[in-house]
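Sequence lines set the chain letters: A, B, ... in the order given, protein chains first and strands last, and positions in each chain run from 1. Note that the structure is a prediction, hence the values are computed from the model and not measured. Just the heavy atoms: all of them, side chains too, but no hydrogens, waters or symmetry mates, feed the values below.
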2 protein chains.
Amino acid sequence: MVSNSDSSGALAQRLSDSGLRSTPQREVIYSVLLKKRDHPTAEDVFARAKPEMPMISLATVYNCLETLVQCNLVRAVNFERGPTRYCPNLRPHAHFHDEQTGATHDIDLPAGVLDQVKSVLPVNFDAASVEIIFRGKARTET
Amino acid sequence: MVSNSDSSGALAQRLSDSGLRSTPQREVIYSVLLKKRDHPTAEDVFARAKPEMPMISLATVYNCLETLVQCNLVRAVNFERGPTRYCPNLRPHAHFHDEQTGATHDIDLPAGVLDQVKSVLPVNFDAASVEIIFRGKARTET
DNA sequence: AGCATATTTAGAATGATTCTAATTCCTTGT
DNA sequence: ACAAGGAATTAGAATCATTCTAAATATGCT
């Protein structure tokens with residue numbers, strides 16, 4: 001059987017690259033993330049996956065999300081100690097956390113900005129990754 | 001009685017500015033943070049405060065740390081969902097999280113870098129704060 | 001001194017996540 | 001097709017950091 005979409009094909013590919021299996025649960029979790037990119041929590045994902053797959057368990061949602069993060073198909077994002085949120089945006093981007101609404105917005109980072117930021121590091125610090133989080137309020141037009 | 005040091009004087013001042021009281025517990029917690037600036041967790045602070053004040057409770061440590069954060073004398077720092085760490089460094093700085101050792105290093109930010117970073121935001125986003133976290137490994141010379 | 005309010009305290013409760021152990025589901029070798 | 005072995009899923013228990021609760025203490029003020 002041929003993959004039914006680019007994204008699930010990509011998922012199957014990434015999984016097998018890592019020696020992991022493509023499963024219905026992983027497909028559903030990933031499709032849920034792609035469908036509504038509002039940085040859902042594991043509980044959110046659980047709720048959205050259930051209609052499609054009523055027997056899925058919360059533990060599986062956690063397992064699958066962890067797997068997707070390992071495969072670099074999804075980024076985990078944390079604000080303070082709130083529940084982890086998941087984001088399928090793979091471009092380099094920062095996050096803007098709206099303190100009024102709780103909404104999270106992706107802020108694409110122009111090439112070079114990350115390098116500029118990394119340039120503040122003393123030579124003996126070797127950064128594998130940089131995370132930038134903005135907090136404030138956003139005027140999203142009505 | 002006159003304050004016994006600049007820092008506790010500063011603490012008493014900041015507290016009363018916010019309509020809060022200076023208490024022995026708050027003084028001890030703050031002095032613990034100033035004494036060893038290694039980004040301790042609440043449990044770490046609790047352990048370090050106990051010798052000086054054996055009856056202090058963990059709940060009080062949480063309360064006092066929260067109070068100090070409210071007064072802007074201390075910053076709370078989070079890495080993923082690990083326990084919150086506390087940092088009395090008030091200069092604008094980023095954090096470098098060493099993935100091998102778990103150590104956290106302050107990275108002072110030259111004036112202007114935060115503005116450069118903020119400049120990537122679309123006009124309708126108004127950032128009250130920016131947080132920058134590096135992850136990687138640090139060669140701290142022996 | 002007496003009162004109102006802040007603060008501290010111990011322990012219970014919470015919430016997100018991880019762990020455990022049992023089951024189910026493939027995949028591969030025969 | 002069939003069995004073995006490993007991978008994945010599942011329900012529920014366990015964990016961990018933190019917050020809440022209610023009672024006890026301390027403090028500042030009139």
Side-chain angles (χ1 to χ4, degrees), chain A residues 1 8 11-12 14-30 32 39-50 52-71 73-74 76-86 102 104, chain B residues 1 3 8 11-30 32 39-50 52-71 73-74 76-86 102 104:
Chain A
M1 199 245 245
S8 70
L11 171 56
R14 286 297 188 92
L15 287 168
S16 71
D17 287 354
S18 307
L20 301 169
R21 293 177 186 165
S22 178
T23 68
Q25 287 85 347
R26 285 169 179 170
E27 297 283 356
V28 167
I29 298 302
Y30 189 46
V32 159
H39 304 82
T41 64
E43 292 277 3
D44 293 335
V45 173
F46 184 44
R48 293 175 197 179
K50 257 189 171 163
E52 292 194 56
M53 189 175 268
M55 292 302 294
I56 198 168
S57 81
L58 182 55
T60 299
V61 172
Y62 275 103
N63 291 341
C64 292
L65 289 170
E66 170 66 13
T67 299
L68 295 174
V69 169
Q70 296 307 309
C71 294
L73 282 165
V74 167
V77 191
N78 290 96
F79 301 114
E80 276 82 54
R81 285 195 36 93
T84 300
R85 291 163 180 285
Y86 297 88
T104 301
Chain B
M1 196 242 241
S3 63
S8 70
L11 170 56
Q13 189 57 56
R14 288 294 189 95
L15 287 168
S16 72
D17 286 354
S18 306
L20 300 168
R21 294 178 186 164
S22 179
T23 68
Q25 288 85 348
R26 287 171 178 167
E27 296 283 356
V28 167
I29 298 302
Y30 189 46
V32 159
H39 302 83
T41 64
E43 291 278 2
D44 293 335
V45 173
F46 184 44
R48 293 176 196 178
K50 258 189 170 162
E52 293 194 56
M53 189 175 268
M55 291 303 291
I56 198 169
S57 82
L58 182 55
T60 299
V61 172
Y62 276 103
N63 290 343
C64 291
L65 288 170
E66 170 66 11
T67 299
L68 295 174
V69 169
Q70 296 308 309
C71 294
L73 282 165
V74 167
V77 191
N78 290 96
F79 301 115
E80 276 82 54
R81 284 198 34 96
T84 300
R85 293 165 178 286
Y86 297 87
T104 300

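Residues B:Tyr30 and B:Arg26 fail the side-chain proximity criterion, which asks for heavy atoms closer than 4.5 Å. Using a 4.5 Å heavy-atom threshold, the side chains of B:Ile29 and B:Ile56 count as touching. B:Ser18 is not listed as a side-chain neighbour of B:Gln70, based on a closest heavy-atom distance of 4.5 Å or more. Put simply, the side chain of B:Leu20 reaches to within 4.5 Å of the side chain of B:Thr67, judged on heavy atoms.
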Find every protein N or O atom lying less than 3.5 Å from an N or O atom of nucleotides 5-7 of chain C, and list the pairs.
residue	atom	partner	partner atom	Å
C:dA6	O4'	B:Arg21	NH1	3.1
C:dA6	O4'	B:Arg21	NH2	3.2
C:dT7	OP1	B:Arg21	N	2.8
C:dT7	OP1	B:Arg26	NH1	2.8

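A:Ser22 approaches A:Leu15 most closely through the heavy-atom pair CA-CD1, 3.7 Å. Residues A:Tyr86 and A:Thr41 come closest through the heavy atom pair CD1-C, 4.5 Å. Taking each heavy atom of A:Pro83 and A:Asn78 in turn, the nearest pair found is C-ND2, 4.4 Å. The heavy-atom pair separating B:Ala49 from B:Val28 by the smallest distance is CB-CG1, 3.9 Å.
In this structure, B:Phe79 atom CZ and D:dA17 atom C1' are separated by 16 Å, rounded to whole Å. Rounded to whole Å, atom C1' of C:dT24 lies 15 Å from atom CD1 of A:Ile56. Straight-line distance from the CD atom of A:Glu80 to the P atom of D:dA17: 18 Å, rounded to whole Å. If you take CG of A:Leu65 and P of D:dT9, they are 11 Å apart, rounded to a whole angstrom. Between the CG atom of A:Leu11 and the P atom of D:dA8 there is a distance of 12 Å, given to the nearest Å. Following rounding to the nearest Å, B:Phe46 (CZ) and C:dA10 (C1') show an atom-to-atom distance of 11 Å.
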Where protein sits on nucleotides 15-20 of chain C, one letter per nucleotide: B base, S sugar-phosphate only, - none, heavy atoms under 4.0 Å: -SBBB-
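Here A:Thr60 reaches the OP1 or OP2 of D:dT10: one of its side-chain N or O atoms lies under 4.0 Å away.
When each of B:Thr67 and A:Pro24 is assigned the nucleotide of DNA chain C bearing its nearest heavy atom, the one mapping closer to the 5' terminus is B:Thr67.
A distance-only check finds no donor-acceptor pair linking the side chain of B:Arg85 to the backbone of B:Phe79 [under 3.5 Å].
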